[in-house]
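The shown structure was predicted, so the numbers you read here are calculated from the model rather than taken from an experiment. Per chain, numbering begins at 1; letters A, B, ... match sequence-line order.
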There are 2 protein chains.
Amino acid sequence: MQLSNTSKYAIRILSYMARQEHEYVHKSNELAQSLDISYKFLTKIMTELVKGEFILSIRGREGGFQLNHPASSITILDILKHFQELTDFHTCILGNGACNPHKKCILHDKWASPRQEIKNMFATTTIDIVNSGDFKL
Amino acid sequence: MQLSNTSKYAIRILSYMARQEHEYVHKSNELAQSLDISYKFLTKIMTELVKGEFILSIRGREGGFQLNHPASSITILDILKHFQELTDFHTCILGNGACNPHKKCILHDKWASPRQEIKNMFATTTIDIVNSGDFKL
DNA sequence: TTTAAATTCTACCAAAAAGTAGTAATTAAA
DNA sequence: TTTAATTACTACTTTTTGGTAGAATTTAAA
């Protein structure tokens with residue numbers, strides 16, 4: 001019952017970026033330091049975020065990364081989806097794909113409501129939330 | 001956002017055992033076949049379940065395993081606790097231990113309610129539930 | 001045009017989780 | 001007392017995830 005480190009970092013990175021004006025160009029170095037993530041691992045994730053079209057990269061000297069969409073339009077669910085973090089929202093929490101209304105695992109019905117609540121929470125929370133309070137990223 | 005295979009198997013094994021009368025002696029062979037878990041991996045988990053005092057082992061010929069407590073008293077939460085599956089119930093979903101009311105991660109408050117609902121569900125669901133419907137284990 | 005500061009790519013290494021193999025120990029039945 | 005059926009133990013292999021290294025590429029500034 002945990003998110004992968006990669007997903008957690010991705011959420012923290014994008015949220016951090018959302019704190020600056022949209023046009024601000026973020027450098028990997030700055031992000032790695034501010035978020036206390038290893039530079040090498042961070043750049044790997046940045047590449048992935050570019051592929052997922054969450055951010056734009058500007059290569060070369062004075063380059064960096066920018067958010068590709070308004071922060072208020074990027075949900076946590078979008079991020080988790082891209083990092084394939086949602087298997088138990090499709091399969092079931094115990095079932096391995098084989099869980100359906102005819103072949104229910106014992107947690108099938110019990111899990112339905114919490115699952116929906118989590119999904120709603122992820123779907124309605126955008127990285128912009130970082131600007132609505134005093135958060136530690 | 002997934003349980004480990006080990007935890008899933010543990011839940012399935014104990015639920016399966018809960019379907020027989022309490023005194024029934026379950027053999028690894030039978031369990032592995034019925035639950036479609038590799039015999040070797042299953043015995044590894046059985047050893048862990050003995051250590052966790054969920055089951056009793058009877059060694060030697062005609063040996064096997066028995067539930068150590070009434071099925072109606074073994075909750076999913078008990079099982080998950082033993083397999084250390086609950087870190088994000090103590091830490092936070094984004095925070096790495098460092099998440100507290102003074103240093104909140106952006107999901108700190110959003111996560112609180114779903115987390116509680118999941119925990120309640122796990123705490124109030126016992127392996128005995130398997131006898132209250134037609135489930136596939 | 002050269003150089004420095006940045007991203008990108010390819011490949012590797014480390015740690016944890018999942019799973020397997022083989023043998024030792026135990027015990028009831030034959 | 002021997003044997004067969006069972007759990008327990010130790011050690012290994014495989015797969016996935018997390019993380020690192022180093023060189024290639026890009027581009028603006030000097």
- Task: Take atom CE of B/M46 and atom P of D/dC9, then tell me their distance rounded to the nearest Å.
- Result: 14 Å

- Message: Heavy atoms only, 4.0 Å cut-off, all strands: where does A/F83 land among base, sugar-phosphate and nothing?
- Response: nothing

- Task: Would you please confirm or rule out a distance under 4.0 Å between OP1 or OP2 of D/dG18 and any side-chain N or O of A/T6?
- Result: yes

- Please determine if a side-chain N or O atom of A/N5 lies less than 4.0 Å away from the OP1 or OP2 oxygen of D/dG19. yes

- Message: Between the base of C/dT27 and the side chain of B/R59, is one N or O donor paired with an acceptor at under 3.5 angstrom?
- Response: no

- What's the CD1-P distance between A/I37 and D/dT17, to the nearest Å? 19 Å

- Query: Without hydrogens or angle criteria, can the side chains of A/N29 and A/Q33 be said to hold a donor-acceptor pair below 3.5 Å?
  - Reply: no

- With a non-hydrogen cut-off below 4.0 angstrom, is B/S4 in contact with a base, only sugar-phosphate, or nothing? sugar-phosphate

- Item | Between A/H22 and A/Y24, ring centroids under 6.0 Å | no

- Item | Interatomic distance, A/L56 CG vs C/dA6 C1' [rounded to whole Å] | 16 Å

- Has the side chain of B/K40 got a donor or acceptor atom sitting under 3.5 Å from an opposite partner on the base of C/dG22? yes

- Task: Find the distance A/F65:CZ to D/dT27:P and express it as a whole number of Å.
- Result: 13 Å

- Query: Would one find a side-chain N or O of A/K27 under 4.0 angstrom from OP1 or OP2 of C/dA6?
  - Reply: yes

- How close or far is atom P of C/dT8 from atom CZ of A/F41, stated in whole angstroms? 16 Å

- Check whether any side-chain N or O of A/Y39 sits under 4.0 Å from OP1 or OP2 of D/dG22, and answer yes or no. no

- Query: Roughly how many Å is it from CD1 in B/I58 to C1' in C/dA25, rounded to a whole number?
  - Reply: 17 Å

- Within the pair B/S28 and D/dT7, is there a side-chain N or O less than 4.0 Å away from OP1 or OP2? yes

- Message: Which is more 5' along DNA chain C, the nucleotide nearest B/R61 or the one nearest A/T47? Just name the residue.
- Response: A/T47

- Note on the structure: To the nearest angstrom, the NE2-P distance between A/H26 and C/dA6 comes to 14 Å

- To the nearest angstrom, the CG-C1' distance between B/L3 and C/dA17 comes to 14 Å

- Side chains of B/T126 and B/I76: closer than 4.5 Å at any heavy-atom pair? no

- Taking OP1 and OP2 of D/dT20, is either one under 4.0 Å from a side-chain nitrogen or oxygen of A/S38? yes

- Ring centres under 6.0 angstrom apart (A/H82, A/F54): yes

- Derivation and outcome, side chain to side chain donor-acceptor pair (under 3.5 Å), residues B/Y39 and B/S28: CA-CA 7 Å; B/Y39 173 80; B/S28 293; 4.9 Å; no

- Message: Counting C-beta onward and ignoring hydrogens, is there a side-chain heavy-atom pair between A/N5 and A/K8 closer than 4.5 Å?
- Response: yes

- Between C/dA28, D/dA11, C/dT8, which one does the side chain of B/K44 approach most closely? D/dA11

- Item | Nearest-nucleotide 5' precedence on DNA chain D, A/G60 against B/G63 | B/G63

